[in-house]
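Data block below; observations after.
Keep in mind the model is a prediction, meaning the values are calculated, not measured.
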Protein chains: 2
Amino acid sequence: MSERTILVVEDDHAIREMIAFSLKRAGFRCVEAADVSAARRAIADDHPDLILLDWMLPDVSGIELARALRREELLREIPIIMLTARADEDDKVRGFESGADDYITKPFSARELVARISAVLRRAHPESDEGLLEANGLVLNATSHRVSARDENIELGPTEFRLLRFFMSHPERVFSRAQLLDRVWGGNVYVEERTVDVHIRRLRKALEPSGYDGYVQTVRGAGYRFSPQQDRP
Amino acid sequence: MSERTILVVEDDHAIREMIAFSLKRAGFRCVEAADVSAARRAIADDHPDLILLDWMLPDVSGIELARALRREELLREIPIIMLTARADEDDKVRGFESGADDYITKPFSARELVARISAVLRRAHPESDEGLLEANGLVLNATSHRVSARDENIELGPTEFRLLRFFMSHPERVFSRAQLLDRVWGGNVYVEERTVDVHIRRLRKALEPSGYDGYVQTVRGAGYRFSPQQDRP
DNA sequence: TCCGTTTGTGACAGGTTCGTTACAGCGCTC
DNA sequence: GAGCGCTGTAACGAACCTGTCACAAACGGA
């Protein structure tokens, strides 16, 4: 599962650091913001997968930010978890919290924090697209995570599977190594471009016994292409 | 599963919008009403599957509406979830709530809301779940809570039973640990993902004597899959 | 042809994921 | 309260995957 980015919006420096530390240790990428304007910048720059939002902020209240985000079409999908202090017993205010996907009352443990974040992320990205890709007898089933060549099963590693899935959903189109790294490996990873070659090789090797390795073609100076145009193997 | 319609009866515009937003995102169809008379119209027009009812309303109290609905023959079936403010902890109030199928105290998170609605709907429309699941001689009887392999009884713990039942009703499909936690353990429970591995192990161990353990397959980097495709054990 | 550039290939160290076992806590029965 | 089954977590090793390198091979232009 690819790394998830969490934006932490909290004015108290010490608390923010604590949270960031816990999240990083739990394997999340973490972006911090001390106020709403910084948060807006971070949202634009880092495309967080989830926002952890203190509701008491210096400039605009966290609730205002939450409601504003909900109104913006592109940002509606980002789940929000509210941080509230126990003292804020005002019902009216608390009622508004329903705009968030979850809320956590201070004080809270690092484990609870991580658990709730995981739960919300789980719910936010439920199931991926139903996908059956086919090319001249080469079948990739995304839901069962299986690849077969004329009913013969093909074993692929995780990266090779993603690579083939990407290729099969964009046939007859050349992708540079950089594009492949971006779209198969995921946006912000630092990996040598030549690494793509190696995985192409591994994919070809796996397809070789069934004769489909020719479908993965090299375009010298440009990148690679998946081309099922030619005759059946 | 067909789309379910929820009627939200709540006078506070902001809260109502928030709720509606959350529900829509969770895949429900959503109808809104600000007062009891609007609610009655909505019930007649939209035939909601569930009513979310604030108990403090401008014209008639939510409780009155609930009791009135209960008296009407055709509407008895519609489950009702009450929304109450924390301040109203009064026993007297709680007593009135007995007409509802569940109640939620403000503040609440979207996650809690969705979880409770799902639970009530599940109870109201008991899934005509085929109580008998079969896969190449492996039989799971949901009603008698029994599992047998070729007439040989198999002892399973509660979690392993639910796990196997879930797998058998979704064969040939990969589920991530997160999805399994969500759908077998239940949405709002906070458990380490690796815990899934241990229960997979326990399930396999229980299936081992009869040779069915191979049906529970690991998909590295993705999750687990139940696959009765291969040869009989 | 030659030479520089690009790609294929095999090996490998480090890291990650998974299987497995052990164990403590909990609720239950007796 | 002891005994028991069930659950979730931790820890360890094994299997596997990954990114990088070094070198070989292929290619293309001069």
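Nearest-nucleotide mapping onto DNA chain C: of Val219(A) and Val219(B), the residue sitting toward the 5' end is Val219(A). When each of Arg204(B) and Ala222(A) is assigned the nucleotide of DNA chain C bearing its nearest heavy atom, the one mapping closer to the 5' terminus is Ala222(A). Each of Gly157(A) and Gly157(B) has a nearest nucleotide on DNA chain D; the 5'-most of these lies closest to Gly157(B).
In this structure, NZ of Lys205(B) is placed 9 Å from P of dA22(C), rounded to the nearest angstrom. Residue Glu193(A) contributes atom CD, which lies 17 Å from atom C1' of dG8(C) at whole-angstrom precision. Taking atom CG of Leu203(A) as the reference point, atom C1' of dT9(C) lies 15 Å away to the nearest angstrom. Between the NE2 atom of His199(A) and the P atom of dT9(C) there is a distance of 15 Å, rounded to whole Å. Nucleotide dT9(D) holds its P atom 13 Å from the OH atom of Tyr190(B), rounded to whole Å. As a whole-Å value, the separation of Leu163(B) CG from dT7(D) P is 11 Å. The CD1-C1' distance, from Ile200(A) to dT6(C), rounds to 15 Å in whole Å. Rounded to an integer number of Å, the gap from Asp197(B) CG to dA10(D) C1' is 13 Å.
Partners of Phe161(B) by ring pair (Phe, Tyr, Trp, His ring centres under 6.0 Å), not counting sequence neighbours, listed by chain and number: His145(B). Every side-chain contact (heavy atoms from CB on, under 4.5 Å) that Val198(A) has, sequence neighbours left out, goes to Arg202(A). Not counting sequence neighbours, the partners of Phe166(B) by the ring pair (Phe, Tyr, Trp, His ring centres under 6.0 Å) test are His170(B), Phe175(B). When the side-chain hydrogen bond (donor to acceptor under 3.5 Å, both in side chains) test is applied to Glu192(B), no partner is found at least two apart in sequence or on another chain. Remark: Thr218(A) pairs with Arg204(A) by the side-chain hydrogen bond (donor to acceptor under 3.5 Å, both in side chains) rule, at least two apart or across chains. Every side-chain hydrogen bond (donor to acceptor under 3.5 Å, both in side chains) that Arg177(A) has, sequence neighbours left out, goes to Asp197(A), Tyr224(A). Remark: Asn153(A) pairs with Glu155(A) by the side-chain hydrogen bond (donor to acceptor under 3.5 Å, both in side chains) rule, at least two apart or across chains.
OP1 or OP2 of dT7(D) has not a single side-chain nitrogen or oxygen of Arg202(B) nearer than 4.0 Å. For dT7(C), the OP1/OP2 oxygens have no side-chain nitrogen or oxygen of Thr218(A) closer than 4.0 Å. The phosphate of dG8(D) has OP1 or OP2 within less than 4.0 Å of a side-chain N or O from Trp185(B). Note on Tyr224(B): a side-chain N or O is less than 4.0 Å away from OP1 or OP2 of dG19(C).
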Produce a footprint string for nucleotides 23-30 of chain D: one letter per nucleotide, 5' end first; B if the base is under 4.0 Å from any protein heavy atom, S if only the sugar-phosphate is, - if neither. ---BBS--

Within the 4.0 Å limit for protein heavy atoms, which parts of nucleotides 24-30 of chain C are touched? Write it as a string from 5' to 3', B for base, S for sugar-phosphate only, - for none. -------

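For Thr195(B), the side-chain atoms get nearest to dG8(D) when compared with the rest of dT17(C), dG8(D), dG8(C). Set against dC18(C), dC17(D), dT20(D), the side chain of Glu192(A) has dT20(D) as its closest nucleotide.
In this structure, Leu203(A) and Tyr215(A) have side chains that are not in contact, with every pair of non-hydrogen atoms separated by 4.5 Å or more. At a threshold of 4.5 Å between non-hydrogen side-chain atoms, the residues Val31(A) and Val8(A) do not count as touching. Looking at heavy atoms from C-beta onward, Leu207(A) lies in side-chain contact with Leu138(A) at the 4.5 angstrom threshold.
If you check every strand for non-hydrogen atoms under 4.0 Å, Glu160(A) touches sugar and phosphate atoms only.
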